[in-house]
Amino acid sequence: MKKKNFWGGLVLLLVFLSCKPFTIQEPEVIVVTATSPAEEAVAPPVEYPAAGIMIKGLAADTGDGLTFYDHNGGVIYKVPLSDTSVLSPGHVHIAGNYLEGLTGVSVIYFSLEDHDTLLLKNVNGPSNTLLDVSAFAGMAGAPGLPVFAYSRVDFNDMLSSELYAGSLALLPVAPVLTSDQQATDSWPFKPLAVEAQDGQPSGIWYTTIAYGIGGDIVFEPRKGLYYLDMTTRNPREILDRGYNPSCLSFDRTWVAYTPSGVTTAGLTLYNIQNGANVSFPLLPAQDQRGAGDAVISPGNQYVAWMEGAGWIMAETPSFHATVRVGDFNGTVIADYVDTSLSGVSGLAEAQWAAPVAWLDDQTLIIQVRGLEWDQSALVKFDIVSRNLSYYGSGSYVGLLYP
C-alpha cells in the first residue's frame, strides 16, 4: 500500500470521521458564558459498567486487521479483517470478552462494502453482514457484550437522524429515537456509550455532531450530552448544546467537556450526580486550537487529554499536539508535546500524539503518529514511575475486557 503523507492523511481522516466528504455543512459557533452545566442534571442509574471494571488489554489496527495486546504489550491474538473495513473508535465494537483458550473475540465493525454495512467477525470465523447502515454516523457498545447502538442520517430530509440500539440476539430493525422526537438543528445523533441489562441495551448515552464538514478540524464538533432510557424512551439532557462532551467515565458519573465551538477554554471535569467540577486551563500557545480527546481512568483518579496549537492545512503546517495528564484535584502531573515522543515510540519523527485509553488507574496509552499517516505506534505512560515505554504498533481501536 502506498503511504500517505501525514498531514494529507490526517485531513482525509478528519473529514471521513466527521462522516461523508460530499456533504458540506459548516458548524455553528456558540459562545458559552456559563461555567458549568445546570445543577439539576442528575445521572440515570448505572447498570453497567460497574465501578472498578477490569480491562484485559486493547485492540489496535495493525494494517491487516486487529491485533489484541495485553497490559505489557504482548500479543494475545490477531483478528484478520477485510480491506474495506474502517478500524477506528466509533466504527468498531468488541462484542465479546476474553476467554482463556479462544484464539479470537467477536467484533462488530463498519465496512464500506455494499454501500456501507455493519459486519460481524465471530471469533475467527468468516465475516457476515449484519445490517445495512448507509449514511452511518457512529457506533458504541456495552463493554465486552454483544450489545450495541449506532446512528445514521437521511440526506433527503435536511440531515434528519436516527438512533438504533439492539444486540446480536435481537438486531435493531427500527430506530429508538429520531430527530423528529428531539430537535437537533440538523446535527445528527452519535452514540457515546451503551448500558446493558439482561443481554439488551438499557440506556444510551449520545451527543450530536457536525456531519460531513471539512476544513482544519482538530476535535470533532459536538453539541450536548443526552441519556435515553430504553424503558421509557424519553431522552434526558445532561449537558445542553453549549457544551462539547469529550468522554464519559467508566461508571458514568463524570463527563469531560469543553464549550462548543470555543478554542480558548480548557477542559472541565463535571460530576453529573453532584455538580462538582474541576477545570484545567489551557497551556499558553500561539494559534491555540483548544482541548479534547479526553480519557478518564477506570477508578476516576486521573484524566488525560490533548491540546493543540497551530494549523494543519497551512502552506507550511504548524500544528503540534500536547498530551496532558491531571488528577481529580485539578493538578497537572505530566505534559508531553508530540515531538518529545519520537524516540520512545520508535518513530523517526512524531507529528501527532493523543491519549486513547487507560488500562488501569496507573497505565495510560498514548497514540503517536510519524511523518506518514500510517506510521503509528502506541506508547505506555506509568503514573507512579512517570516512565514512558513502547507498547505496540498500530492505531488504537477499543478495549478488551476479561
Side-chain angles (χ1 to χ4, degrees), residues 14 17-19 23-44 90 135 137-138 140 149-154 157-163 175-194 203-215 217-229 232-249 252-273 275 277 279 289-294 305:
L14 291 172
L17 294 184
S18 295
C19 264
T23 301
I24 303 297
Q25 181 185 1
E26 292 300 329
E28 176 185 355
V29 176
I30 294 180
V31 178
V32 179
T33 56
T35 57
S36 64
E39 292 183 0
E40 61 269 19
V42 178
Y150 72 90
S151 58
R152 57 177 302 276
V153 302
D154 183 350
D157 189 19
M158 298 292 291
L159 285 182
S160 66
S161 181
E162 299 169 337
L163 180 66
V176 295
L177 186 69
T178 70
S179 51
D180 292 337
Q181 297 168 270
Q182 180 183 356
T184 62
D185 298 334
S186 297
W187 282 51
F189 304 130
K190 180 176 182 177
L192 298 178
V194 178
I204 314 297
W205 298 83
Y206 65 97
T207 186
T208 65
I209 60 171
Y211 186 95
I213 63 172
I217 303 166
V218 177
F219 305 108
E220 180 177 63
R222 298 175 177 177
K223 289 182 181 180
L225 175 65
Y226 308 91
Y227 178 81
L228 179 67
D229 186 309
T232 65
R233 298 294 177 93
N234 292 323
R236 178 185 299 181
E237 182 180 90
I238 306 300
L239 299 179
D240 68 36
R241 293 170 64 77
Y243 299 95
N244 179 329
S246 187
C247 74
L248 287 158
S249 63
R252 314 302 187 229
T253 59
W254 290 87
V255 56
Y257 73 81
T258 57
S260 294
V262 178
T263 62
T264 56
L267 188 82
T268 295
L269 290 170
Y270 174 69
N271 189 298
I272 299 167
Q273 294 185 336
N277 63 81
S279 293
R289 305 301 303 280
D293 291 349
W305 69 100

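Here the structure is a predicted model, which is why all the values come from computation and not from measurement. Nothing fancy with the numbering, it's 1 onward along the sequence.
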Is there a donor-acceptor contact under 3.5 Å from the side chain of Ser161 to the main chain of Val153?
-> no
For Lys223 and Thr207, the nearest pair of non-hydrogen atoms, with its separation, is O-OG1, 3.4 Å
Looking only at heavy atoms, which two atoms of Pro235 and Arg233 are closest? And how far apart?
-> CD-O, 3.5 Å
Is there side-chain contact between Ser151 and Pro191, with at least one heavy-atom pair below 4.5 Å?
-> yes
What are the two closest heavy atoms between Ile204 and Ala149, and how far apart are they?
-> CD1-CB, 4.0 Å
Can you tell if the side chain of Leu239 reaches within under 4.5 Å of the side chain of Arg222, non-hydrogen atoms only?
-> no
Separation between OG of Ser279 and OH of Tyr257, rounded to the nearest 0.5 Å = 6.0 Å
Please report the C-alpha distance between Phe189 and Leu177 in whole Å, then the side-chain angles of each, then the deciding distance to 0.1 Å, and finally whether the side chain to side chain contact (heavy atoms under 4.5 Å, CB included) criterion is met.
-> CA-CA 9 Å; Phe189 304 130; Leu177 186 69; 3.8 Å; yes
Kindly indicate, with the supporting measurements, whether the criterion side chain to side chain contact (heavy atoms under 4.5 Å, CB included) is fulfilled by Val255 and Ile238.
-> CA-CA 10 Å; Val255 56; Ile238 306 300; 5.5 Å; no
Residues in side chain to side chain contact (heavy atoms under 4.5 Å, CB included) contact with Pro175, at least two apart in sequence or another chain = Glu162, Tyr164, Thr178
Hey, what do you get for CG (Asn234) to OH (Tyr227), rounding to the nearest 0.5 Å?
-> 12.0 Å
Who are the side chain to side chain contact (heavy atoms under 4.5 Å, CB included) partners of Thr264, not counting sequence neighbours?
-> Val262
Between Ser260 (side chain) and Pro221 (backbone), is there a donor-acceptor pair under 3.5 Å?
-> no
In Asn277, Leu269, Leu248, Ile272, the residue satisfying side chain to side chain contact (heavy atoms under 4.5 Å, CB included) with Trp254 is Leu269
Got a second to check how far Asp229's CG is from Arg236's CZ, nearest 0.5 Å?
-> 7.5 Å
Side chain to side chain contact (heavy atoms under 4.5 Å, CB included) involving Ala294 - partner list, sequence neighbours excluded = Ser246, Cys247, Ala256, Leu267, Val303, Trp305
Applying side chain to side chain contact (heavy atoms under 4.5 Å, CB included), run through Leu225 and Tyr243 and close with a yes or a no.
-> CA-CA 8 Å; Leu225 175 65; Tyr243 299 95; over 6 Å; no
Carefully, step by step, assess Arg241 and Thr208 under the rule side chain to side chain contact (heavy atoms under 4.5 Å, CB included).
-> CA-CA 9 Å; Arg241 293 170 64 77; Thr208 65; 3.2 Å; yes
